[in-house]
Number of protein chains: 2
Amino acid sequence: MPTPRPQRPDPRANPIADDGSEVRFCSTCAFSGACVAAGYDKAHLRDLHVLVEHIGPFRAGEHIFRTHDPFRAIYAVRAGLVKTVTVDPEGNEQVLGFYLPGEVVGLNAIYPEHYPCDAVTLETAHFCRFSFPAISALAARMPGLQQQLFRLLSKELGMTSLLAGDHAAEERVAAFVTDLGERLAAQGFSGTRLRLSMSRVDIANYLRLAAETVSRIFTRLRDQGLIALEGRDLEILDPAGLGALARNVRER
Amino acid sequence: MPTPRPQRPDPRANPIADDGSEVRFCSTCAFSGACVAAGYDKAHLRDLHVLVEHIGPFRAGEHIFRTHDPFRAIYAVRAGLVKTVTVDPEGNEQVLGFYLPGEVVGLNAIYPEHYPCDAVTLETAHFCRFSFPAISALAARMPGLQQQLFRLLSKELGMTSLLAGDHAAEERVAAFVTDLGERLAAQGFSGTRLRLSMSRVDIANYLRLAAETVSRIFTRLRDQGLIALEGRDLEILDPAGLGALARNVRER
DNA sequence: ATTCCGTATTGATTTCGATCAGATCGATGC
DNA sequence: GCATCGATCTGATCGAAATCAATACGGAAT
């Protein structure tokens, strides 16, 4: 029996999300909502704009920061994909998260004042770098920005406690795919046709499963007609069905 | 062979941590460091003090807030013990965390704007209630307070990613005990003689293990001479040995 | 094309912790 | 004291996912 095949995702689906204008921000900027929506005047916007540093490109496999580096900045992904990983004393890696364009990396370093993980790009990536002392000082003058930082931190808290739950392997994988789709959709990409730029090993590690288990579950989901998958190109064929599997992981 | 028995913890070990003076805070207050240490003047301290509402006592089993309640406030534990739990659509409970005196409950509600979990007291408890709009407004004028809120959020992020890792049951339990001891010590209690006010079921649920497994591991740790345990009274006999087991969970 | 090598899939077996079942302990009330 | 009930502990069995092992795929270099 033939299994469904996905169409190739649009190669333009992952551009650098920056419209380049002087006092406006990347359309997907993690802070744009805090500023533009709150109706800040040009002076405030300029303050924020000035403290941003556009960095990149980083090629796949490069480090943005490493464990124990002193915490100085948070990084908003402009384009590309990043993972954060910890390495325990025995050398076991643990993927903490994947970050898409418009999302912010490094918030978990605030308390320890050192990055508690490595941030590694999985495909060519660009970032906005925000000095943390500068952005928190500005946040004191821009309540909307302060609020946005609180929200980003709290959101990330919610993310981790989803995966911290104990769930069957199939539920985890379904939740992972559903979540990725939703996050991509939130950033204006297709929520149903996407590219898994991370390896199966990384996915498995993130989900606290063996790579073989992830592989088996992907084929099972494909046989059930919920997804189409060829290599790293994924299409969600039945979002409702997949969401039903993910329900116990995500809905609370 | 006789197994070691703990001495009873000092019953005074868990007082209401409030010295009662007008413009000073509970000695264990989660925000005291942000204020007193930063040398704020009386006016600022009074602002913070005014927005605090002392609530309690709550008896064991009472709810501070419930899932889906609109988010209005964060709660600092003054005395007692709280757990936060989610309930999935099938009714499975999931303990997200335990909160000791001096710690803050409710931060994960900022982003969704509704509490994503129930907060339930496990023993008689008192709280300081901080209206979130009020405290974040004040934070904009008190950089030290803003910083403290960021740190609390970031700290909680670090906590959850510890338990999110995949670790052997014994490592989890060892890490749990070690962590509890350290957190109690940080609040001025004994770090080696403590009372597990939560049930074995709650501990197991928090660690994503079966209650039977937790029980077995406690006896194993006792047989190894690492802990003494009688009912809910625990003494850490060999902090280094226990820490070695916990090392892969905690050290990164 | 062909080789090479890292990545992914598929199959066989093992293992750790869950589940099922029963015993024991401890606090409370009669 | 004695009965009762919930919580905890201990033992026996089961099962989902890990591990071990081998094969297949796919892109890059020759």
Side-chain angles (χ1 to χ4, degrees), chain A residues 1 3 5-6 8 11 59-61 83 90 92-95 122-123 163 165-177 195-223 227-234 245 248-249, chain B residues 1 3 5-6 8 60-61 83 90 92-95 122-123 163 165-176 195-224 227-234 245 248-249:
Chain A
M1 153 195 166
T3 55
R5 298 277 137 155
R8 286 225 152 245
R59 267 165 309 166
K83 67 172 176 181
E90 281 169 12
N92 309 307
E93 291 204 353
Q94 192 85 254
V95 174
L122 295 174
E123 54 184 40
L163 277 158
D166 70 331
H167 299 285
E170 193 175 58
E171 293 177 321
R172 280 174 189 272
V173 174
F176 170 71
V177 171
R195 178 154 231 296
L196 304 173
S197 304
M198 64 294 274
S199 72
R200 298 289 193 272
V201 172
D202 281 337
I203 295 172
N205 191 313
Y206 174 61
L207 297 175
R208 281 61 172 151
L209 298 171
E212 293 92 328
T213 304
V214 170
S215 188
R216 277 184 253 269
I217 287 171
F218 272 144
T219 55
R220 200 190 305 168
L221 296 177
R222 185 166 57 191
D223 291 349
I227 62 171
L229 181 61
E230 189 179 341
R232 294 183 172 188
D233 293 321
L234 174 81
L245 283 180
N248 281 342
V249 183
Chain B
M1 152 193 170
T3 55
R5 300 275 136 154
R8 286 223 154 249
K83 67 172 176 181
E90 282 169 10
N92 309 306
E93 291 204 354
Q94 192 85 248
V95 174
L122 294 174
E123 53 184 41
L163 277 158
D166 69 333
H167 299 285
E170 193 175 58
E171 293 178 321
R172 283 176 186 270
V173 174
F176 170 71
R195 182 166 178 74
L196 304 173
S197 303
M198 64 294 273
S199 72
R200 298 290 193 272
V201 172
D202 281 336
I203 295 172
N205 190 315
Y206 174 61
L207 297 174
R208 282 62 173 149
L209 297 171
E212 294 92 330
T213 303
V214 171
S215 185
R216 277 185 255 269
I217 288 171
F218 272 143
T219 56
R220 200 189 306 167
L221 296 178
R222 186 167 54 191
D223 291 348
Q224 294 170 345
I227 62 171
L229 180 63
E230 189 179 340
R232 295 185 171 187
D233 293 320
L234 175 81
L245 284 179
N248 280 342
V249 182

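Labels below follow one simple rule: chain letters A, B, ... track the order of the sequence lines, proteins then strands, and each chain is numbered from 1. When reading the values below, keep in mind they use all heavy atoms of this one structure, side chains included, and skip hydrogens, waters and symmetry mates.
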So, do Leu221(A) and Leu229(A) sit near enough that their side-chain heavy atoms are less than 4.5 Å apart? no
Can you tell if the side chain of Leu209(A) reaches within under 4.5 Å of the side chain of Val173(A), non-hydrogen atoms only? yes
Rounded to the nearest angstrom, tell me the gap between atom CG in Asp202(A) and atom P in dT7(C). 10 Å
Give Ala210(B) one of three labels, base, sugar-phosphate or nothing, depending on what nucleic acid heavy atoms sit under 4.0 Å from its own. base
Quick one: Asn205(B) CG to dG17(C) C1', roughly how many Å, whole number? 15 Å
Any non-hydrogen side-chain atom of Asp166(B) less than 4.5 Å from a side-chain atom of Gln94(A)? yes
For Arg195(A), is there any backbone N or O sitting under 3.5 Å from a side-chain donor or acceptor partner on Arg232(A)? no
Sugar-phosphate only, base, or nothing, as touched by Arg220(B) at under 4.0 Å among non-hydrogen atoms: nothing
Given atom CD of Glu171(A) and atom C1' of dA16(D), what is their separation to the nearest angstrom? 13 Å
Answer whether the closest heavy-atom distance between the side chains of Phe218(A) and Val177(A) falls below 4.5 Å. yes
Asn248(A) (side chain) donor-acceptor with Glu171(A) (main chain) under 3.5 angstrom: no
Between CD of Glu170(A) and C1' of dG15(D) the distance, given in whole Å, is 16 Å
To the nearest Å, how far apart are Arg208(A) CZ and dA18(D) P? 12 Å
Indicate, with a heavy-atom threshold strictly under 4.0 Å, whether Arg172(A) touches base, sugar-phosphate, or nothing. nothing
Between CD of Glu123(A) and C1' of dG27(D) the distance, given in whole Å, is 17 Å
Interatomic spacing from CG in Asp223(A) to CD1 in Ile217(A) - rounded to 0.5 Å: 12.5 Å
To the nearest Å, give me how far apart CD1 (Ile217(B)) and P (dA18(C)) are. 8 Å
Listed pairs, N/O of protein and of nucleotides 7-11 of chain D, under 3.5 Å:
{"from": "dT8(D)", "atom 1": "OP1", "to": "Arg232(B)", "atom 2": "NE", "distance (Å)": "3.2"}
{"from": "dT8(D)", "atom 1": "OP1", "to": "Arg232(B)", "atom 2": "NH2", "distance (Å)": "3.0"}
{"from": "dT8(D)", "atom 1": "OP2", "to": "Arg200(B)", "atom 2": "N", "distance (Å)": "3.3"}
{"from": "dC9(D)", "atom 1": "OP1", "to": "Arg200(B)", "atom 2": "NH2", "distance (Å)": "3.2"}
{"from": "dC9(D)", "atom 1": "OP2", "to": "Arg200(B)", "atom 2": "NE", "distance (Å)": "2.9"}
{"from": "dC9(D)", "atom 1": "OP2", "to": "Ser215(B)", "atom 2": "OG", "distance (Å)": "3.0"}
{"from": "dC9(D)", "atom 1": "O5'", "to": "Ser215(B)", "atom 2": "OG", "distance (Å)": "3.1"}
{"from": "dT10(D)", "atom 1": "OP2", "to": "Thr219(B)", "atom 2": "OG1", "distance (Å)": "3.4"}
{"from": "dG11(D)", "atom 1": "N7", "to": "Arg216(B)", "atom 2": "NH1", "distance (Å)": "2.8"}
{"from": "dG11(D)", "atom 1": "O6", "to": "Arg216(B)", "atom 2": "NH2", "distance (Å)": "3.4"}

Rounding to an integer number of Å, can you tell me how far Asp223(A) CG sits from dT10(C) P? 8 Å
Whenever both distances are under 3.5 Å in a Watson-Crick or G-U wobble pair, mark it; put DNA chain D into dot-bracket that way, with [ ] for crossing pairs and | when the partner is on another strand. ||||||||||||||||||||||||||||||
Partner residues of Arg220(A) under the salt bridge (charged side-chain N to carboxylate O under 4.0 Å, His left out) criterion, sequence neighbours left out: Glu170(A)
Main-chain N/O of Tyr206(A) paired with Arg208(A) side-chain donor or acceptor, under 3.5 Å: yes
